[in-house]
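This report refers to the structure that appears directly beneath it.
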Amino acid sequence: MDFMRPTTSKVRLAIISMLSEELIVDSKILDIFAGIGSMSEEFNKFGPKKIVLIKKNIKNIKLLKTKFKNKNHEVVRGDVYSLVPKLDEKFNIIFADPPYEQEEFTRLAKLLLDSTIFEENGILIYEHHKNYELPEKFKLLKKVRNKKYGDSRISIYKRQVI
């Protein structure tokens, strides 16, 4: 079951505030577990170079393709864990909001770091349940922000340069 829990407007605005508009302008953004694309809509207000959204659910794919028909946006249907290794571009902002019950930060972080898509000094924004504790550091990822909003927590990691 693909339970929808869109990122609340309060959390979306907090993420934008934490990142700063300057960082979003001209960025290449990957929105994995894109849901209904609410976070990508927020990013889109600040003129990113490109947004790629990944979603498994066919119903949501149709909605996302209607919302994001701009040539600078790409909606990809499929499983995140299968698709990420096949992507052939680099992203400096990656937003992940997997279903809270999955608690797969380590698996996802490893996937991103093992792929070639994550820019050095790139940012990973991971939305998760407030009680799911994430490490301060994971391989080349270092947590730079951690903030709770209701039942949600936003953990922001910066990819370190080798």
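Computed over heavy atoms, backbone and side chain alike; hydrogens, waters and symmetry mates excluded. Everything quoted here is computed from the prediction, not taken from an experiment.
One distance of note links CG of Leu63 with CG of Asn57; it measures 10.0 Å at 0.5 Å rounding. Put simply, CD1 on Ile125 and OG1 on Thr7 are 10.0 Å apart, with the number rounded to the nearest 0.5 Å. Here the straight-line distance linking atom OG of Ser27 with atom CD1 of Ile51 works out to 9.5 Å at 0.5 Å rounding. Note that the CD atom of Glu119 and the CG atom of Asn92 stand 6.0 Å from one another [nearest 0.5 Å]. Atom-to-atom distance recorded for Asn44:CG and Asp31:CG is 11.5 Å, nearest 0.5 angstrom.
A salt bridge does not link Lys142 with Glu136: every distance from a Lys NZ or Arg NE/NH1/NH2 to an Asp or Glu carboxylate oxygen is 4.0 Å or more. At a threshold of 4.0 Å, the pair Glu41-Lys67 counts as salt-bridged, since one of the basic side-chain nitrogens sits closer than that to a carboxylate oxygen. Using a 4.0 Å cut-off between charged side-chain N and carboxylate O, Lys49 and Asp26 make no salt bridge.
With sequence neighbours excluded, no residue forms a ring pair (Phe, Tyr, Trp, His ring centres under 6.0 Å) with Phe95.
Side chain of Arg159 to backbone of Asn121: no donor-acceptor contact under 3.5 angstrom is found. The backbone N or O of Asn131 sits nowhere less than 3.5 Å from a side-chain atom of Glu133 that would complete a donor-acceptor pair. Checked by atom type and distance alone, the side chain of Lys55 never pairs as donor or acceptor with a backbone atom of Gly37 at under 3.5 Å. Here the side chain of Tyr132 pairs a donor or acceptor atom with the backbone of Glu103 at under 3.5 angstrom. Put simply, the side chain of Lys28 never gets that close to the backbone of Ile93: no donor and acceptor are under 3.5 Å apart. Ser17 places no side-chain N or O within donor-acceptor distance of the main-chain N or O of Leu13, the cut-off being under 3.5 Å.
Counting non-hydrogen atoms of other residues, nucleotides and ligands closer than 6.0 Å to NZ of Lys137 gives a total above 12. Lys90 NZ: more than 12 foreign heavy atoms inside a 6.0 Å radius. Within 6.0 Å of NZ in Lys158 there are 12 or fewer heavy atoms belonging to other residues, nucleotides or ligands. Atom NZ of Lys62 sits in a sparse spot, with 12 or fewer heavy atoms from other residues, nucleotides or ligands closer than 6.0 Å.
Hydrophobic clustering places Ile16 together with Val11 (ILVMFWY residues linked when any side-chain heavy atoms are closer than 4.5 Å, directly or through intermediates). Residues Ile154 and Leu124 are members of separate hydrophobic clusters, defined by side-chain heavy-atom contacts under 4.5 angstrom among Ile, Leu, Val, Met, Phe, Trp and Tyr. No continuous path of hydrophobic side-chain contacts links Leu53 to Ile117 [ILVMFWY only; heavy atoms under 4.5 Å]. When the side chains of ILVMFWY residues are joined at heavy-atom separations under 4.5 Å, either directly or via intervening members, Leu111 and Ile32 end up in a single hydrophobic cluster. Under a hydrophobic clustering in which Ile, Leu, Val, Met, Phe, Trp and Tyr are joined whenever their side-chain heavy atoms come within less than 4.5 Å, directly or via other members, Leu108 and Val84 fall into the same cluster.
Residue pairs meeting the ring pair (Phe, Tyr, Trp, His ring centres under 6.0 Å) criterion with at least one partner in residues 63-82, sequence neighbours excluded, are Phe68-His73.
When Phe105, Tyr126, Phe118 are each tested for a ring pair (Phe, Tyr, Trp, His ring centres under 6.0 Å) with Tyr157, only one passes: Phe105.
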Full working for side chain to side chain contact (heavy atoms under 4.5 Å, CB included) between Val52 and Ile29: CA-CA 6 Å; Val52 175; Ile29 300 170; over 6 Å; no
Run the salt bridge (charged side-chain N to carboxylate O under 4.0 Å, His left out) check on Lys50 and Glu74 step by step: do they pass? CA-CA 8 Å; Lys50 183 172 188 177; Glu74 187 179 341; 3.3 Å; yes
From CA spacing to verdict: side chain to side chain contact (heavy atoms under 4.5 Å, CB included), Ser38, Arg12: CA-CA 8 Å; Ser38 57; Arg12 289 193 307 265; 3.6 Å; yes
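In terms of heavy-atom proximity, Arg145 sits nearest to Lys143 at O-CG, 3.5 Å. Closest heavy-atom contact between Leu112 and Ser115: O-OG, 2.8 Å.
Ile15 has its side chain within reach of Met39: a pair of non-hydrogen atoms, C-beta onward, lies under 4.5 Å apart. Looking at heavy atoms from C-beta onward, Lys56 lies out of side-chain contact with Phe33 at the 4.5 angstrom threshold. Between Lys147 and Met18 there is a side-chain heavy-atom pair separated by less than 4.5 Å. Using a 4.5 Å cut-off on side-chain heavy atoms (C-beta onward), Leu19 and Ile123 make contact. The closest side-chain heavy-atom distance from Leu87 to Phe91 is below 4.5 Å.
There is no side-chain donor-acceptor pair under 3.5 Å between Ser152 and His128.
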